[in-house]
Amino acid sequence: MRTGAVSTAPTDDVPREPLERFAAALQRLNPDDGPIGLAVSGGPDSMAMLLLAHATIPGRFEVATVNHGLRPEAVDECALVVAACADRGVPCAVLPVEIGDGNIQARAREARYAALCGWADASGLTAIATAHHADDQAETLLMRLNRGSGVAGLAGIRDVHRPTGSNVAVIRPLLQLRRSDLRRVVDSARLQVVDDPSNADDRFDRVRLRKALAQADWLDPLALSRSANHLAEADDALEKMADCAMRDRVVQDQTTTICSAIAETAIALRVIGRIVRSFGGEPRGADLGRMLHALRRGDPANVAGVLAKVENDKWIFRPEPPRRTR
């Protein structure tokens, strides 16, 4: 069945409205109808995605579930996903990963995407679908607003993302569905799911925000998700303007980059960020803002191992020289 075609007798009694929204999103995000992979954790959101895909594109997808090894229940949770897939004749791979030191959530996310992209590339899949939905998008937008993020951050969760070094796109076909819609899908199918205890842990900013949003019924997550889409379009436009600035205003060689001063702050920050990264630096947005402010004052600046100074209305960037050792 072609992506976007909805069966008249959906598998597992999947409610029609979520099914139609999912089918329409897949048709837009995977227009060539290539085989895709689903990242399924066993939670209600991703298990709902499994049911929606089985009803919409049977035989045109595979599933992978990642075992981070962070909790003893992980093995059983992966087994739950494997069993749900086996019942429906869906191929399912279990991907074990190891988490490095540092921010556990960030490291787990990096390891998960690396494993999923490797699996999808090896399996000949065209995309990986994740179960991010409208409530996730609303939470992300509000968290980043609260941190003073710029347009790129406020664009939130993109419906299509192409990880560096992979031929596989990551797609999010549930961004126009609410968490409650997805819960209704799994409840209608009477499918057993996993409730991750970290989703109720107040140590995490997202959990506290989620609980606050539950009390603010005047906020519409679907409307917030649409706002994030508009900001993503604005971010894309600014990126194209930054492309033009890099072409017209920047001269680079192996040791030095010269940039004609840029008046537009949003463009200047993006260009400076690209220059710093070209020297191997990993700058934060606030650091780039401080560097731009210094250059506009005519002062030197140092960010992520890159030195910048002003000469004749030109911004000069060089890598920081290696420190001397005794």
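- Under the salt bridge (Lys or Arg N to Asp or Glu O under 4.0 Å) criterion, the residue pairs touching residues 223-236 are R158-D235, R158-D236, D235-R270, with sequence neighbours excluded.
- Between the side chains of R318 and T257, no donor-acceptor pair is found at a separation under 3.5 Å.
- Both L29 and L19 belong to a common hydrophobic cluster when Ile, Leu, Val, Met, Phe, Trp and Tyr are linked at side-chain heavy-atom distances under 4.5 angstrom.
- We find that D45 and R178 are not joined by a salt bridge, their nearest charged nitrogen and carboxylate oxygen being 4.0 Å or further apart.
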Exercise. Can you list the steps and then say if R28 with D159 is a side-chain contact (heavy atoms from CB on, under 4.5 Å)?
Worked result: CA-CA 10 Å; R28 177 173 56 84; D159 57 4; 2.7 Å; yes

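- Atoms CD and OG, on Q137 and S227 in that order, are 9.5 Å from each other to the nearest 0.5 Å.
- Taken together through direct or relayed side-chain contacts under 4.5 Å among Ile, Leu, Val, Met, Phe, Trp and Tyr, L26 and V90 form part of one hydrophobic cluster.
- Taking both residues in full, the closest heavy atoms of I262 and A245 are given as CD1-CB, 4.2 Å, listed atom of the first, atom of the second, then distance.
- Note: Q252 CD to I258 CD1 = 10.5 Å, rounded to the nearest 0.5 Å.
- Side chain of T126 to backbone of P35: a donor-acceptor contact under 3.5 angstrom is found.
- Residues forming a salt bridge (Lys or Arg N to Asp or Glu O under 4.0 Å) with D121 (at least two apart in sequence, or on another chain): none.
- Residues F279 and Q254 come closest through the heavy atom pair CE2-O, 4.0 Å.
- Under the 3.5 Å distance criterion, the side-chain polar atoms of D135 are left unmatched by any main-chain donor or acceptor of E139.
- With hydrophobic clusters built from ILVMFWY side chains whose heavy atoms lie under 4.5 angstrom apart, V207 does not share a cluster with L142.
- No donor-acceptor pair closer than 3.5 Å links the side chain of S46 to the backbone N or O of V40.
- Within the 4.5 Å cutoff, side-chain heavy atoms of I272 are placed close to those of W315.
- A distance of 7.5 Å separates OH of Y113 from NE2 of H161, quoted to the nearest 0.5 Å.
- Within the 4.5 Å cutoff, no side-chain heavy atoms of R162 are placed close to those of V170.
- Proximity of I128 to C117: side-chain heavy atoms (C-beta onward) are separated by under 4.5 Å at one or more points.
- At most 12 heavy atoms of other shown residues, nucleotides or ligands fall within 6.0 angstrom of atom CE in M241.
- Under a 3.5 Å cut-off, the side chain of D136 and the backbone N or O of H133 do form a donor-acceptor pair.
- Considering all non-hydrogen atoms of both residues, P91 and F61 come closest at CD-O, 4.0 Å.
- When the side chains of ILVMFWY residues are joined at heavy-atom separations under 4.5 Å, either directly or via intervening members, V303 and M246 end up in a single hydrophobic cluster.
- Annotation: side chain of T255 is not in contact with side chain of F317 (no heavy-atom distance under 4.5 Å).
- The two residues P96 and V94 come nearest to each other via the heavy atoms CD-O, 3.4 Å.
- With sequence neighbours excluded, the residues that form a salt bridge (Lys or Arg N to Asp or Glu O under 4.0 Å) with K309 are E311.
- Put simply, the side chain of I316 does not reach to within 4.5 Å of the side chain of V310, judged on heavy atoms.
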Extract all donor-acceptor atom pairs below 3.5 Å that involve side chains of residues 185-194 and protein atoms in other chains or at least two apart in sequence.
residue : atom : partner : partner atom : Å
S188    : OG   : R184    : O            : 2.8

Problem set entry | Full working for side-chain contact (heavy atoms from CB on, under 4.5 Å) between M49 and H132 | CA-CA 10 Å; M49 182 172 64; H132 295 91; over 6 Å; no

Exercise. Given D205 and R147, is the salt bridge (charged side-chain N to carboxylate O under 4.0 Å, His left out) satisfied, shown in steps?
Worked result: CA-CA 11 Å; D205 292 345; R147 294 171 183 169; 3.5 Å; yes

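- To the nearest 0.5 Å, the span separating CG on D33 from CZ on R60 amounts to 5.5 Å.
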Problem set entry | R179/L182 under side-chain contact (heavy atoms from CB on, under 4.5 Å): CA gap, chis, key distance, verdict | CA-CA 5 Å; R179 180 179 287 114; L182 301 174; 5.8 Å; no

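- Counting only distance, with no hydrogens or angles, the side chain of S225 and the backbone of L222 share no donor-acceptor pair below 3.5 Å.
- Proximity of I157 to R172: side-chain heavy atoms (C-beta onward) are separated by under 4.5 Å at one or more points.
- Contact between V81 and S41 at its shortest, heavy atoms only, is CG2-C, 3.8 Å.
- Applying the side chain to side chain contact (heavy atoms under 4.5 Å, CB included) rule to A138 yields the partners P221, L224; only residues at least two apart in sequence or on another chain are considered.
- For the pair R183 and D195, the salt-bridge criterion is met [side-chain N within less than 4.0 Å of a carboxylate O].
- The line from OG of S123 to CD1 of I36 is 13.0 Å long, rounded to the nearest 0.5 Å.
- When all heavy atoms of R277 and P283 are compared, the closest pair comes out as CG-CD, 3.7 Å.
- Residue pairs meeting the salt bridge (Lys or Arg N to Asp or Glu O under 4.0 Å) criterion with at least one member in residues 240-265, sequence neighbours excluded: D243-R274.
- The shortest distance between side-chain heavy atoms of Q176 and N229 falls below 4.5 Å.
- If you take CG on D313 and CG on L295, they are separated by 11.0 Å, rounding to the nearest 0.5 Å.
- Judged by distance alone, the side chains of R296 and T265 do bring a donor and an acceptor atom under 3.5 Å apart.
- Cluster membership for L145 and M143, using ILVMFWY side-chain heavy atoms within less than 4.5 angstrom, is shared.
- The shortest side-chain heavy-atom distance between L51 and R88 falls under the 4.5 Å cut-off.
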